[in-house]
Amino acid sequence: MSQRKIKTLNRAFTLIELLVVISIIALLVSILMPALNKAKMQATSAVCLTNMKQLSTGWFMYAMDNDDSIIRATMGESSEIKGSWIGCPRDENGNYMTHEQVTPPVEDEDEIRGIEEGALYKYVDVPETYHCPGERLSKRKSKYDGTTVFVSYAVPECLNGVNNQFKQVIKLNKIKTPSEKYNFVESAEERNYNYRAHFVIGTPELSSAGGVWHWWGPMAINHGRSGNLGYCDGHAENKVWENQFTIDRVKKLSAQSVALYNLELPEGGTEDLEFMARGWPASQTSFVFKNK
């Protein structure tokens with residue numbers, strides 16, 4: 001009897017039994033993976049939201065310390081640009097790096113040297129705060145040197161920017177309802193780094209806008225159907241996008257290699273654009289939109 005028991009215990013699995021076990025494991029993985037991916041996305045969004053809150057608070061504190069003057073919404077590329085919120089990447093020898101160079105590539109350390117040169121670094125001195133972990137999920141890379149982009153955020157060009165085509169806001173007290181006006185946006189810039197570190201949309205005062213609002217700059221969608229925004233009073237919020245166009249836009253534009261504003265907007269799909277227009281810090285009370 002004991003010998004028979006030993007033989008039974010040592011019996012190997014049949015091929016059919018192995019296939020059944022493998023099928024069950026595969027089924028469990030297929031069920032669990034979406035939940036795990038969702039949990040990972042929520043975790044990266046939470047970190048990004050914390051980053052934006054710290055950056056927005058630092059932006060607000062800068063104005064408090066500088067007679068209500070707003071930090072410059074640009075990337076400092078020379079000593080002539082004072083008070084830029086962030087500096088242009090530099091190599092280890094202190095040389096500025098270009099946004100279209102192929103070699104040497106712009107590495108994270110080069111971008112961090114630029115962060116440390118910016119006026120905001122006094123208030124937010126942890127470089128990782130300038131990077132959204134959702135970038136790893138989106139796998140965004142530069143179309144020039146092929147590296148990932150470290151700086152994930154951009155400031156609206158109208159906040160003391162360098163482009164005078166935009167109506168500029170120079171003082172914090174000139175922003176009406178700062179809790180409703182954003183000062184940081186997740187950027188989907190595809191040049192070597194977050195070039196100029198500013199965000200633009202087609203505002204009515206632009207000569208090319210035709211007096212109406214339309215999409216323009218690349219806004220990243222790193223958190224599923226939502227994105228994070230920092231606001232001028234120092235808080236941050238997650239925004240769930242209503243239009244599928246908003247979610248697909250940057251990937252379509254990148255794949256087609258067309259201008260970032262030159263993509264037909266579906267009829268009736270303007271809810272997200274209207275939201276961004278109303279939150280534009282220098283926006284007016286009139287909102288007209290076009291399908292571009």
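Under the 3.5 Å distance criterion, with hydrogens and angles disregarded, a donor-acceptor pair is assigned to the side chains of N243 and E271.
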side-chain contact (heavy atoms from CB on, under 4.5 Å) evaluation trace for D272 with K239: CA-CA 10 Å; D272 293 333; K239 165 63 178 173; 4.3 Å; yes

Mind running side-chain contact (heavy atoms from CB on, under 4.5 Å) on K174 and I170 for me, showing each step along the way? CA-CA 8 Å; K174 297 298 182 180; I170 309 299; over 6 Å; no

Could you check W59 against Y123 for side-chain contact (heavy atoms from CB on, under 4.5 Å), going step by step and ending with a plain yes or no? CA-CA 8 Å; W59 181 94; Y123 302 91; over 6 Å; no

Between T129 and L55, is the side-chain contact (heavy atoms from CB on, under 4.5 Å) condition met? List the steps. CA-CA 8 Å; T129 308; L55 293 172; 4.3 Å; yes

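F166 has its side chain out of reach of P156: every pair of non-hydrogen atoms, C-beta onward, lies at least 4.5 Å apart. Side-chain contact between M276 and L229 is present, with heavy atoms from C-beta onward closer than 4.5 Å. At least one side-chain heavy atom of W216 sits under 4.5 Å from a side-chain heavy atom of L206. Looking at M52 and E237, their side chains never come closer than 4.5 Å, going by heavy atoms from C-beta outward. W280 has its side chain within reach of T203: a pair of non-hydrogen atoms, C-beta onward, lies under 4.5 Å apart. Inter-residue side-chain proximity for V151 and I86 is flagged as met; some heavy-atom pair is nearer than 4.5 Å. Two residues are said to be in side-chain contact when any heavy atoms from C-beta on lie closer than 4.5 Å; R278 and S283 fail this criterion. Within the 4.5 Å cutoff, side-chain heavy atoms of I70 are placed close to those of I175.
With sequence neighbours left out, H131 forms a ring pair (Phe, Tyr, Trp, His ring centres under 6.0 Å) with F150. With sequence neighbours excluded, no residue forms a side chain to side chain donor-acceptor pair (under 3.5 Å) with N160. With sequence neighbours left out, F60 forms a side chain to side chain contact (heavy atoms under 4.5 Å, CB included) with M64, L172. Partners of S142 under the side chain to side chain donor-acceptor pair (under 3.5 Å) rule, at least two apart in sequence or in another chain, are D145, N192. By the side chain to side chain contact (heavy atoms under 4.5 Å, CB included) test, T50 pairs with Q54, sequence neighbours left out. Among residues two or more places apart in sequence or in another chain, the ring pair (Phe, Tyr, Trp, His ring centres under 6.0 Å) test is passed with Y195 by H99. Partners of N164 by side chain to side chain donor-acceptor pair (under 3.5 Å), not counting sequence neighbours: none found. For F199, the ring pair (Phe, Tyr, Trp, His ring centres under 6.0 Å) criterion is met by no residue, not counting sequence neighbours. Looking at residues two or more places apart in sequence or on another chain, you find a side chain to side chain donor-acceptor pair (under 3.5 Å) between D233 and H235.
A side-chain donor-acceptor contact under 3.5 Å links T98 to the backbone of Q101. Proximity of a side-chain donor or acceptor of N194 to a complementary backbone N or O of Y153 within less than 3.5 Å is detected. Judged purely by atom type and a 3.5 angstrom limit, S187 uses its side chain to pair as donor or acceptor with the backbone of E189. Using a distance-only test at 3.5 Å, with no hydrogens or angles considered, no donor-acceptor pair links the side chain of N66 to the main chain of S69. In this structure, the side chain of T147 does not engage the main chain of P105 through any donor-acceptor pair within 3.5 Å. For N163 (side chain) and Q165 (main-chain N/O), a donor-acceptor pair under 3.5 Å exists by modelled atom type. Judged by distance alone, the side chain of Y193 and the main-chain N or O of M97 form a donor-acceptor pair under 3.5 Å. The closest donor-acceptor contact from the side chain of E135 to the backbone of C132 lies at 3.5 Å or more, if one exists at all. A donor-acceptor distance shorter than 3.5 angstrom exists from the side chain of S23 to the backbone of L19, with no hydrogens or angles considered.
Using a 30° and 60° split on the angle between ring planes, Y130 and W85 fall in the parallel class, below 30°.
Under the 4.5 Å side-chain heavy-atom criterion for grouping Ile, Leu, Val, Met, Phe, Trp and Tyr, V106 is not connected to Y144 through any hydrophobic cluster. Put simply, V47 and L49 are part of two different groups of oily side chains (I, L, V, M, F, W, Y) that touch within less than 4.5 Å, one to the next. Under a hydrophobic clustering in which Ile, Leu, Val, Met, Phe, Trp and Tyr are joined whenever their side-chain heavy atoms come within less than 4.5 Å, directly or via other members, Y121 and M75 fall into the same cluster.
Nearest heavy atoms, R191 versus V149: O-CG2, 3.9 Å. Between L120 and G58 the shortest heavy-atom distance is CD1-C, 3.5 Å. Across V169 and P281, no two heavy atoms sit closer than the pair CG2-O, 4.1 Å. Between N228 and N238 the shortest heavy-atom distance is OD1-ND2, 2.8 Å. Heavy atoms only, all atoms of each residue included: Y96 and C88 are closest at CD2-CB, 3.6 Å. When all heavy atoms of V200 and E157 are compared, the pair lying nearest together is CG1-CB, 3.4 Å.
Within the cation-pi definition used here (under 6.0 Å to the ring centroid, within 45° of the axis), K181 does not qualify as a partner of Y231.
Within the structure, salt bridge (charged side-chain N to carboxylate O under 4.0 Å, His left out) contacts touching residues 94-112 (residues at least two apart or in different chains) are D110-R113. The salt bridge (charged side-chain N to carboxylate O under 4.0 Å, His left out) analysis of residues 121-133, with sequence neighbours excluded, yields no pairs. Within the structure, salt bridge (charged side-chain N to carboxylate O under 4.0 Å, His left out) contacts touching residues 44-71 (residues at least two apart or in different chains) are D67-K171.
Distance SG/C48 to NE2/H223: 3.5 Å, rounded to 0.5 Å. Rounding to the nearest 0.5 Å places OH of Y62 at 5.5 Å from CD1 of I71. Atom CZ in R196 sits 10.0 Å away from atom OG in S84 (nearest 0.5 Å).
Residues E117 and R90 are paired through a salt bridge, judged by an N-O separation under 4.0 Å between the basic side chain and the carboxylate.
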